[in-house]
Every structure is written in C-alpha cells, then in structure tokens.
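Computed over heavy atoms, backbone and side chain alike; hydrogens, waters and symmetry mates excluded.
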There are 2 protein chains.
Amino acid sequence: MTLQGGFVTQSSSTTVGSVARALDLVELVVSGPDVGMPLSEIAKAVGGSKSAVLATLRTLVDFGYLRTEEPGPKYLPGMMLIRLGDLASAHDPLIAVARPILAQLSAESGLTIRVARNDSGYPVFIDRVDGPGFVLFHTPLGIRELPHVSSAGKAILAELSDKEATAVARECGLVSRTKNSITKLGELKKELEHIRKVGFATDDEEDAQGIFCVGATFFDHFGRCIGAISATGVKTDMTLAQVSNLGKLVIKFADQVTHELHGRKLARRAR
Amino acid sequence: MTLQGGFVTQSSSTTVGSVARALDLVELVVSGPDVGMPLSEIAKAVGGSKSAVLATLRTLVDFGYLRTEEPGPKYLPGMMLIRLGDLASAHDPLIAVARPILAQLSAESGLTIRVARNDSGYPVFIDRVDGPGFVLFHTPLGIRELPHVSSAGKAILAELSDKEATAVARECGLVSRTKNSITKLGELKKELEHIRKVGFATDDEEDAQGIFCVGATFFDHFGRCIGAISATGVKTDMTLAQVSNLGKLVIKFADQVTHELHGRKLARRAR
DNA sequence: ATTTTCCGTTCTGTATTGCCGAACACCGTT
DNA sequence: AACGGTGTTCGGCAATACAGAACGGAAAAT
C-alpha cells in the first residue's frame with residue numbers, strides 16, 4: 001500500500017514489521033485532523049495495544065516526525081517532516097533545475113505552476129509555485145495523480161507508446177471526475193494524438209469544475225520523457241487565444257527544463 | 001539527537017529500537033550524496049548487518065520514504081518525504097496563514113521571506129518564499145537555528161524574559177559565525193534592548209558574509225510570541241534608509257500575521 | 001577468457017525485544 | 001464521591017528482528 005512502486009507490487013519478501021507500523025502511524029496522524037489525535041484514538045485506528053503504540057509514538061516524537069501540542073497530549077505532524085521534505089526537494093536535481101523556471105513562468109503568466117515526474121506513466125507532482133491570489137485547491141505533492149484528467153498526465157501519456165499508454169489507462173480505469181473527463185480509451189487516444197501534434201496538453205475542467213490547465217513535457221539526455229510542467233488557472237480567465245499563447249509559453253519553459261537537464265527531445269518515431 | 005525536544009532531553013523511557021534505526025537510515029540517506037548510497041555503505045555507516053539493514057530499507061522503500069534509482073541499487077530520498085512535508089505544511093495553521101503574507105512581502109520587497117516558529121526560544125524556520133534571483137544559500141527548514149545570529153532568532157529572544165534569554169544564550173553558547181557575530185552576553189542584552197525599542201531585529205552579516213536580514217515577531221491570542229518572520233537579502237543592497245523602511249515593512253506584515261491568527265501584542269511589561 | 005573481488009540477496013538459528021494485557025495514576029464528568 | 005475517560009508503567013511470553021555464513025551474479029583485474 002501507500003503509493004507502491006511501478007507495476008510490480010511485490011509485497012516484499014523480508015520487511016520490518018515494527019517500522020511499517022510506525023510509518024502507518026505517521027500517515028495516520030498526518031492525514032488526521034489539524035487539532036491532532038490522542039493516543040487512544042490512534043491505538044484504536046491501527047488496532048494495536050496502547051502500550052505498543054505509545055512506545056512507537058514516543059520514538060517518532062523523539063525524531064521529530066510527530067510532536068505533542070502543549071497542553072494536552074494530542075499528536076501532530078512534527079517539524080522533521082518539513083525538514084525532510086525540504087531536504088529531499090533540495091537534493092533532487094530535477095527540482096533544483098525546475099524551481100527557478102517555475103517561478104519565472106508563474107511570474108510571467110500569473111498562474112500556479114507545477115512540475116511532475118513521470119512515474120511509470122503516472123504524473124507525480126513534486127514541486128509547485130503558487131501564483132498570486134488565493135490557492136483554489138490544495139494540490140498535494142508526492143503522490144501519483146490520475147494521468148487522464150490532468151494536463152501534465154496527458155502530456156506524459158502522449159509520450160508513451162500506444163501499448164504503454166493503453167496499459168496505464170486500463171490500470172487506472174479512466175475514472176470520471178467531471179462531465180468533461182475522458183473516460184473512453186478511443187477518445188483518449190485521439191486526444192493523445194492531438195497533443196502530439198500541438199506539443200502541449202490541456203485539461204479543460206476534466207479534473208475539477210472551473211479549473212483549466214496546460215502542460216508540456218521535458219526530457220533527459222536519452223530523450224526519455226521524465227516529466228512535465230503545467231500551468232493551472234480558472235477557466236473563466238482563458239480565451240482561446242490565451243490557451244494557444246499559454247501553450248507556447250509552457251512549451252518554451254518545458255524546453256528550458258530539458259535544456260538545463262542536458263536533455264534532448266527526440267524526433268517522434270518509435271512511440 | 002535529532003532536534004530533540006525542549007530543554008528536557010529525556011532520553012525517553014520505552015522506545016522502539018528498530019523504528020529508531022529505520023529513521024536513522026532515512027536521515028543518513030537524505031543527508032547523503034545526491035547520487036544515492038548503496039546498501040553496503042549504509043550498513044557500514046550505521047554499523048548493522050547487511051541483512052537487517054536491507055529489510056529496513058525495503059520497508060522504507062515500500063512506504064516511499066526512500067527509492068532506488070534505476071539502474072543500480074542506490075538508495076535515494078523518496079517522494080513520500082515530499083508528500084509528508086507538503087501535508088505537514090498544509091495542515092499547519094500558522095503556515096496556512098503566513099504563506100500568502102510571505103508571498104506578498106516577498107513581492108513588495110523582492111527579498112526572500114521566511115517564517116520561524118518560536119521553539120522554546122530558538123527559531124525554527126518552517127516556510128520560505130524565495131525572492132527573485134538566485135538562491136544564495138539554501139536555508140534549511142524544520143531545524144533549530146542559532147538564535148543569536150539570525151534576525152528572527154534575536155527578535156524572538158527579545159520577547160523572552162531576561163532570565164529566559166540568558167538561559168537560551170548559555171545553552172547554545174553564543175558561538176561565532178562571522179566577525180560580526182555577537183558572542184558576549186552583555187552585548188546581546190544591549191542588542192535585545194535595542195530590538196525592543198525599534199520593534200524589529202537585524203542580522204548584519206552575523207551569520208554569513210554578505211547577508212543581511214530583518215525580522216519581527218508575531219503573537220497568539222494570549223499575547224505570547226509564537227514566531228517571527230524575516231526578510232533576507234545581500235548586504236550591498238541595503239542602505240540605512242532602506243533598513244529602516246524594511247523594518248517598518250516587516251513589522252507591518254508580522255502584525256498582519258498576528259492579526260490573522262487572532263493574536264494580540266501585549267504592552268511590554270513583565271518580560 | 002579466467003580469476004578475483006565485491007556487492008546484493010537468501011537462509012536459518014538465536015536471543016533480543018517488541019508486543020499484549022492488566023494494573024496504576026490522573027484528570028474531567030456525572 | 002464514584003465514574004468513565006485518559007496516559008502511563010510493569011512483567012512475561014512469544015514473535016521477530018538481528019547477525020552470520022553461504023549463495024549468485026556482475027564487474028574489474030590479471
């Protein structure tokens with residue numbers, strides 16, 4: 001469970017049980033209410049004894065993964081999580097390269113820009129630069145998103161072979177999120193063909209009402225698509241001309257990412 | 001170890017060893033080289049058998065805390081770390097309130113703005129909005145910084161009682177970072193008195209050569225100082241007039257944080 | 001091509017140790 | 001005052017996490 005790897009969900013031969021239980025606790029608390037969770041509630045949720053859960057929680061608090069709000073022994077996400085996320089971001093070469101580019105694109109377009117990694121055909125957003133104004137929806141980082149209802153996801157799908165794209169589509173099931181969502185494989189293939197032609201992908205309220213996105217891919221030095229950037233805004237701000245211009249802009253910045261990664265775009269041939 | 005709690009570094013009565021070892025691995029890999037670390041190196045570093053370390057690593061990979069770069073079994077920080085950091089940030093009421101304010105202050109001033117939580121007198125930066133231009137120094141999040149060489153730290157110290165501030169100063173030792181660092185307790189007290197008068201703190205190359213910061217505190221509804229925001233730029237960009245103006249600006253935005261937290265600044269009395 | 005060396009992986013036994021349940025202590029209610 | 005609700009501590013059993021050696025494979029050295 002928990003954002004398992006590629007397609008081979010091998011349930012791992014030898015693994016450490018107490019560590020797995022501890023990480024379950026972290027996930028539980030982080031996904032829990034903002035006010036925190038008390039011990040007994042946590043113990044009930046994971047189905048363990050209070051004493052065992054307490055010992056694990058103490059270890060997690062010692063390491064800063066969790067903290068207890070004073071007064072009242074409720075467990076909350078700790079600051080080490082912020083530290084680790086920051087460190088992981090800082091050590092990721094893709095984020096290091098992409099972040100200034102995202103910031104520039106956000107400044108030029110006034111939109112929220114995100115960068116996704118290609119994780120076996122699925123988009124995993126790993127960084128975000130919010131545009132001005134309120135944040136419409138909190139877009140989570142670090143998890144696989146649905147590939148067929150996001151511009152970054154469709155842009156990545158368009159770079160896969162027909163066989164691979166079909167496999168990913170079947171695996172995730174082309175679930176519907178809005179009335180605009182593409183739910184039929186044939187439609188999706190047509191859309192991917194279009195994306196290949198124009199060089200960027202759109203998401204026209206396919207994931208959420210009123211939200212419009214434009215995405216384009218970037219490549220490593222083998223010419224393999226390793227991710228995509230996308231610009232997100234509200235639908236009402238988008239005219240047709242703007243979509244076309246925005247598409248060109250996003251492609252330009254995606255190409256810049258490719259360039260700074262010393263990557264190259266191969267002529268499309270063996271998809 | 002590892003950003004332990006307040007002042008009572010109680011090494012915790014009952015704690016889970018295997019979890020602690022696992023979290024040590026996470027820290028090791030995250031702090032390791034960007035290219036990743038192989039199993040044997042990790043096992044040697046933590047002084048455990050290969051098989052035990054392997055089982056732990058597998059668990060961590062299962063949960064996305066670590067990942068292995070293909071090809072070659074080298075362990076790298078996983079995307080779950082980014083996800084957890086993002087979630088912890090999103091669920092933190094202070095960050096939720098502060099982020100738009102940081103962004104606005106960054107836009108107005110063109111500087112990098114950070115927000116620190118008051119962690120028993122120490123500043124712990126928990127969010128950051130980078131200004132335009134290159135990032136000069138990567139400022140880590142989620143760990144205690146030295147209180148006497150950062151504007152946010154000194155601003156927080158200035159809100160403590162004389163006794164508390166002295167205790168913190170003795171505890172961290174007033175170590176020197178640059179020739180401008182304040183290393184004498186008497187000097188520090190004078191500085192804190194000045195900060196109380198003008199309402200903001202500065203860091204004039206006291207932590208790093210060429211770096212200038214301005215910081216101001218904000219408060220909860222009890223009137224307790226719960227943190228500070230700071231603006232960071234290069235020294236050469238700062239004239240005396242600008243420092244004064246920037247101070248006022250930072251105070252204004254810090255007050256806005258106080259306001260949105262439904263906090264209040266108490267008249268200084270019983271420090 | 002053959003050897004050598006190193007790394008990752010698997011296996012099995014052992015004893016470490018993490019888990020459970022019960023009892024205790026501590027609020028807040030009722 | 002008695003109660004349900006906490007978080008905490010304490011033994012005892014058994015599960016299990018660890019170490020070590022042996023296997024397999026790949027790359028480097030000869």
Checking all strands, does A/Ser49 fall into the base, sugar-phosphate, or nothing category for heavy-atom contacts under 4.0 angstrom?
base
How many angstroms lie between atom CE of B/Met80 and atom CG of A/Leu141, to the nearest 0.5 angstrom?
12.5 Å
A/Arg128 versus A/Thr139, side-chain donor and acceptor atoms under 3.5 Å:
yes
Using heavy atoms to find the nearest nucleotide of DNA chain D for A/Ser51 and A/Gly17 separately, return the residue whose nucleotide is more 5′.
A/Ser51
Closest heavy-atom pair, A/Asp86 versus B/His138, reported as atoms and distance to 0.1 Å, is OD2-CE1, 3.3 Å
Check: B/Ser89 and A/Ile82 side chains under 4.5 Å, non-hydrogen atoms
yes
Per the 3.5 Å Watson-Crick/G-U criterion and a run length of at least three, the stems involving DNA chain C are C:1-6 with D:25-30, C:8-24 with D:7-23
Could you walk me through whether A/Arg83 and B/Glu27 pass salt bridge (Lys or Arg N to Asp or Glu O under 4.0 Å), step by step?
CA-CA 10 Å; A/Arg83 174 171 125 88; B/Glu27 213 161 325; 3.7 Å; yes
B/Arg264 and B/Asp220 ion-paired at < 4.0 Å
no
B/Asp24 CG to D/dA17 P: how many Å, rounded?
17 Å
Answer with yes or no whether the side chains of B/Arg58 and A/Thr14 bring together a donor and an acceptor at under 3.5 Å.
yes
Salt bridge or not for B/Glu41 and B/Lys74, using N-O below 4.0 Å?
no
Sorted by number, the residues of residues 33-44 of chain B with heavy-atom contact under 4.0 Å to DNA chain C:
B/Pro38, B/Leu39, B/Ser40
What is the minimum heavy-atom distance between A/Phe218 and A/Ala116, and which atoms define it?
CZ-O, 3.9 Å
Please tell me if B/Arg58 has a side-chain N or O lying less than 4.0 Å from either OP1 or OP2 of D/dA17.
no
According to a strict under-4.0 Å criterion, is B/Arg21 in side-chain N/O contact with OP1 or OP2 of D/dC18?
yes
Short N/O separations, protein against nucleotides 28-30 of chain C, under 3.5 angstrom:
none

Short side-chain to backbone donor-acceptor contact, B/His91 and A/Val30, under 3.5 Å
yes
Main-chain N/O of B/Asp127 paired to B/Arg114 side chain as donor or acceptor, under 3.5 Å:
no
Out of C/dG8, C/dC11, D/dC18, minimum distance to the side chain of B/Lys50 belongs to C/dG8
Of the nucleotides C/dG8, D/dA19, D/dT8, which one has an atom closest to the side chain of A/Leu54?
D/dT8
